[in-house]
Chemist: 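Have a look at this one before I ask anything.
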Amino acid sequence: MRDNSVMTYSLIILGSGQDGGSPQVGTVSHAGLERSASSVAVMSGEGTVLLFDASPDIRSQYKRLVAHCGCAPPLDGVFITHGHMGHYAGLVHFGTEAASTDGLPLFAPSSVLDFLEGNEPWATLFSGEHLLPISIDDATATVDRITVSAVHVPHRADFTATVGYSIAIDDDPWVFYLPDIDGWDEWPEAEEVFTRHDVCLIDATFSSMDELPGRDIAAIKHPLVPDTIARFQHLTPDHTMILTHINHSNSLGVLDADITTLAHELGFTIAHDGLVINHD
Ligand SMILES: [Zn+2]
Ligand SMILES: [Zn+2]
């Protein structure tokens, strides 16, 4: 019998950008900062790999995973947060024309599964049994001592509901992945949920209402980074608070930008593609 008592776990940020990545089509990025669309993977020392969000950049992100693991690992499960394109479009790479997976477990809120199973090209992934749909509304999924549960959050419900994912090791909450939320006032549970987890990846899409000239940011609701870091700075001494899902228009992460300096001074980590966090 194998000894799991010393098993190690790690989290790799495969993508730190908003759905369109950075740069987006038709734009330039801030100071050359490149980000692929939001996605993370959790791996165990036994080779289990769970993917959170299947982004449009999934091929380059898998290449990063291969470089990290030193092999080409099969995926043991994919978890989708919601039905905005940056979070599920990569699923096409599991179909007949590409990886042609056989019953890969696809965990998502039931509204996401309904949306995917009701629309091509996603529906074929299920009828062809490349993906096995598993609703995670009120359930948890446990693979190799990694337990995942969904937490519903308010976020523009264009097609589906939205969840964040709580990832626990041996039932001890470790990571909370929350790429998208409308705002903190709309979700008063944030403080309690963040406090329960060692590592929190949270929505840092925009830093200013003026970032997208010609577009109404108020119609694309997200908390602003200055508010987020002011609200949760008291958590940074004991928690790894990672700002992610960063829009191409956001100067967060640019070395000499004021918002970068402020976030670092308050103890936050700014996500970048390839950042690895190991479980203690
Ligand atoms: Zn998003
Ligand atoms: Zn979204």
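Counting convention: from 1, in listed order, for ligands and their atoms alike.
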Chemist: Before we go on, tell me: are the rings of Trp174 and Tyr9 under 6.0 Å apart, centre to centre?
Modeler: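 For Trp174 and Tyr9, the ring centres are not under 6.0 Å apart.
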Chemist: Closer than 3.5 angstrom, by distance alone: can the side chain of Asp180 be matched with the main-chain N or O of His155 as a donor-acceptor pair?
Modeler: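 Pair absent, no side-chain N/O of Asp180 close to backbone of His155.
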Chemist: State the atom name: nearest N, O or S atom of His84 to the Zn ion (ligand 2).
Modeler: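 For His84, the N/O/S atom sitting closest to the Zn ion (ligand 2) is ND1.
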Chemist: Less than 6.0 angstrom separating the ring centers of His87 and His245, yes or no?
Modeler: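 Aromatic pair counts; centres sit under 6.0 Å.
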Chemist: In Asp19, what N, O or S atom is nearest to the Zn ion (ligand 1), if we give its atom name?
Modeler: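 Going by distance to the Zn ion (ligand 1), the closest N, O or S atom in Asp19 is OD1.
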Chemist: N/O/S atom of His87 under 2.8 Å from the Zn ion (ligand 2), yes or no?
Modeler: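 Checking the Zn ion (ligand 2) against His87, no N, O or S atom falls under 2.8 Å.
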Chemist: Is a donor on one side and an acceptor on the other found under 3.5 Å between the side chain of Gln18 and the backbone of Gly20?
Modeler: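 Checking the backbone N and O of Gly20 against the side chain of Gln18, a donor-acceptor pair under 3.5 Å is found.
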Chemist: Is the number of heavy atoms from other residues, nucleotides or ligands under 6.0 Å of Asp280 CG greater than 12?
Modeler: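 Count not over threshold, so no.
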Chemist: Quick one: angle His82 NE2 - the Zn ion (ligand 2) - His155 NE2, to the nearest 10°?
Modeler: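 NE2 of His82, the Zn ion (ligand 2) and NE2 of His155 span an angle of about 100°.
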Chemist: Restricting to N, O or S atoms, which atom of Asp180 is closest to the Zn ion (ligand 1)?
Modeler: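 The atom in question is OD1.
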Chemist: Please name the atom of His245, limited to N, O or S, that comes nearest to the Zn ion (ligand 1).
Modeler: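 Sorting the N, O and S atoms of His245 by distance to the Zn ion (ligand 1) puts NE2 first.
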